[in-house]
Amino acid sequence: MILLTFSLVLGLALAAGIMSRRASSADIDDYLVGGRSFGPILIFVLGAGEAYSIGTLLGFPGGVYAFGANYGVWFIAYILLAYPIGYWLAPYLWQAGKRYGAMTLPDAAGSHFRSRPLELTIAISSVIFLIPWGQLQLTGLQVAMSALGIRIDPTAAVLAGAGLTMVFLLLSGVRAPAFVSFVKDGALLLGAILVGLAAVAKSDGTTALFDKAADAGAVPSTHYTLTGSSLTFTMTTVVFQAMGFFVFPFIAQAIFAAKSEGTLKRAARFNPLYMLMYPFLVAAAFAAVVLLPHRLEGPASNQALLQLSRQVLPDWLTGLVAGGAALCAIVVLCGSALGIGSLVSRNIIRGIPAEKQRSWVRVVIFAYLIVSLVLTLELPSLLLTLVNTSYYGVTQALIVFLAMIFGWKVRPAALALGVIVGDVLVLAMFMVQEGADTPPWWAEHGLNIGFLALLVNATVVIVSRIVWPAENPVPGLRALRPRSHSTRSPRPTAKVVEAR
Amino acid sequence: MSNELKSVLLSIGVPSVGVLGGILMFADSTAQVAGFPVLFAWLFLWMPLTALCIHVAWKCYDEAEYVERELQDAEELA
């Protein structure tokens, strides 16, 4: 039964992928950014599809199961605060995309500052930090399959996952993950809510559920409260990751694909409501502390949700949850693959004619999937330690985009230097943190290292503004298309109503 | 104060103060809301509240202007 509903979910996804072909055309801008034509619903679904990876459905409950509030609070809070930032930031990125015909963030920055080195810096740092991201999805798929207790070889599952990703992207580029996300989000929401409700029902209500969890080993100091360095870590991580969320390459695709700035703003209002699935996942995670027969340790804690599901739900519903998890991995892998494909063939290699780019993107995607597969199967732990650096590294480009919006009098070379300094610092601090002889004061400070690197990066840029300002700075996006300063009536005028 | 600043203060400022302030306030509290640790309950409360802040910012400070921009863009295309 598990296998039947699991295959049904994947079958539905494949159907959605095939349907996505209908409106597509052969142009490169259709392939990468859907011809900038997506309305608010498709933008909302694509944005949610790319944002909630297998880390949300399996990693989040696993983390809360193992570490409680110490893990759950920063994870929820950073996404929650990322959405308001996106409400303001995303329309500016879209504006740059439209103005310069950009399909990637380095396209936008490179054209705005008329700087090839800056374009290359952002593109290369994004590609480096996206490689562990793709592998994380395939590893998550392995975990999902091994928790199901059905006879699917995890290796075969990983191969099938990568294969399906390739099929989707061959079908219609960015339209495929957008359409598949309808199925994926449906299964994810339904799965999270059902497991949560069943866990609550099995524990005789939420109050009893959390009381039993406390008795069964959910430690107050980690599961219920934040103390000392973990509070510092939570605060700095929330602020840092909330700021970086919208400069991730695959989130950028969901921005550029929008029909207009207003579309992005309209869709943004509903993003925090999607998060209302988290209470169910938190309840499920605490229930897993009580209900699972054996305590899961280390990476195995990622199996908490699916193991719980097998205990509290009928098999056919567990198949649905697992199908949702697999699709989370596949959709996010589609996003990263498309991101890498476009970064390499538009920004890193120069001068590929527009009509050839689509084939190039596909070749790069194929290579990326092969590399991810090999790494997942041969070196599973190496890059997984590095995945934490994805956020730290990619976010360093934020300063460039702020300079682009506000029109700071800085040189592109200084912006590129800031990104490089930030990235190198992140990797260096990460080595120290993960190394064997970490000094005790370092282990205890709790500050998010990406946050520290971003401060240094910003300092480099500010100092350059003073000692080496740009002679002929490019006006910022705010000046290129100014907003009116008058207070307007919030009601649309007659002309506006008619035109809508 | 420009509409953009008002919109930013309402849509980013209010939820940030609410969420981050709440985390600091409840960091070492073992209180529970319907069983949930209060830290989690506070974040859940801010999900609809954040959506509401963004919605009000859109309606009061942004909508008219962005609708007009969409019209301008449509005219340019035509």
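Protein chains get the first letters and strands the later ones, always in sequence-line order, with residue 1 at the start of each. On a predicted model such as this, the values are computed, not experimentally measured, just so you know. Side chains included, hydrogens not; waters and symmetry mates left out as well; all remaining heavy atoms used.
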Tell me if the CG atom of Leu24(B) is crowded by more than 12 foreign heavy atoms within 6.0 Å. yes

Side-chain touch His55(B)/Arg266(A), heavy atoms, less than 4.5 angstrom: no

Distance-minimising heavy-atom pair for Pro482(A) and Arg69(B): O-NH2, 3.6 Å

Of the non-hydrogen atoms in Pro272(A) and Ile54(B), which two are nearest, and what is the gap between them? CG-CD1, 4.3 Å

Check the angle between the aromatic planes of Phe210(A) and Phe36(B) and answer parallel, tilted or perpendicular using the 30° and 60° thresholds. tilted

So does Ser29(B) get a backbone contact from the side chain of Thr225(A), meaning a donor-acceptor N/O pair under 3.5 Å? no

Cut-off 4.5 Å, heavy atoms of chain B, and the answer for Val73(A) is both

With respect to chain B, which residue among Gly262(A), Ala283(A), Pro279(A) yields the maximal number of heavy-atom pairs within a distance under 4.5 Å? Pro279(A)

Of all heavy-atom pairs between Gln32(B) and Asp211(A), which one has the smallest distance, and what is that distance? NE2-OD1, 4.0 Å

CA sep, side-chain torsions, deciding dist, call: Glu70(B), Thr263(A), side chain to side chain contact (heavy atoms under 4.5 Å, CB included): CA-CA 9 Å; Glu70(B) 283 172 341; Thr263(A) 303; 4.1 Å; yes

Would you call Asp62(B)-Arg483(A) a salt bridge at under 4.0 Å N-O? yes

Which bit of Tyr224(A) comes within less than 4.5 Å of chain B, counting heavy atoms only: side chain, backbone, both or neither? both

Counting only non-hydrogen atoms closer than 4.5 Å, does Lys98(A) touch chain B with its backbone (N, CA, C, O), its side chain (CB onward), both, or neither? side chain

Between Leu81(A) and Leu20(B), is any pair of side-chain heavy atoms under 4.5 Å apart? yes

With a 4.5 angstrom heavy-atom cut-off, could you sort out which part of Leu276(A) is near chain B: side chain, backbone, both or neither? both

Could you check if a side-chain atom of Phe26(B) sits within less than 4.5 angstrom of a side-chain atom of Leu226(A), using non-hydrogen atoms only? no

How many angstroms lie between atom CD of Glu4(B) and atom CZ of Arg478(A), to the nearest 0.5 angstrom? 4.5 Å

Heavy-atom proximity to chain B below 4.5 Å, by part of Ala242(A): neither

Report which part of Ser230(A) has an atom under 4.5 Å of a heavy atom belonging to chain B: side chain, backbone, both, or neither. neither

I'd like to know which of Leu80(A), Thr227(A), Thr207(A) tops the heavy-atom pair count under 4.5 Å against chain B. Leu80(A)

What part of Ser16(B) is in contact with chain A, defined as an atom under 4.5 angstrom from a non-hydrogen atom: side chain, backbone, both or neither? both

Examine whether an atom of Ile85(A) lies under 4.5 Å from a heavy atom of chain B, and if so say whether it belongs to the side chain, the backbone or both; otherwise answer neither. both

In Å and rounded to the nearest 0.5 Å, what is the NZ to OG distance from Lys265(A) to Ser11(B)? 6.5 Å

Do you know which of Asn271(A), Ile76(A), Leu273(A), Ile79(A) makes side chain to side chain contact (heavy atoms under 4.5 Å, CB included) with Met47(B)? Ile76(A)

Might you confirm whether atom CZ of Phe67(A) has over 12 heavy atoms from other residues, nucleotides or ligands at distances under 6.0 Å? no

A side-chain contact here means heavy atoms from C-beta on lying under 4.5 Å apart; do Ser7(B) and Tyr87(A) qualify? yes

Is any side-chain heavy atom of Met275(A) closer than 4.5 Å to a side-chain heavy atom of Thr50(B)? no

For the student: nearest non-hydrogen atoms of Phe40(B) and Phe286(A), plus distance: CE1-CE1, 4.1 Å

Check Arg481(A), Arg36(A), Lys259(A), Arg99(A) against Asp73(B) for a salt bridge (charged side-chain N to carboxylate O under 4.0 Å, His left out) and give me the one that passes. Arg481(A)

For chain B, find which of Tyr274(A), Tyr92(A), Phe270(A) contributes the most heavy-atom pairs closer than 4.5 angstrom. Tyr92(A)

Does some side-chain heavy atom of Ile12(B) sit less than 4.5 Å from a side-chain heavy atom of Trp88(A)? yes

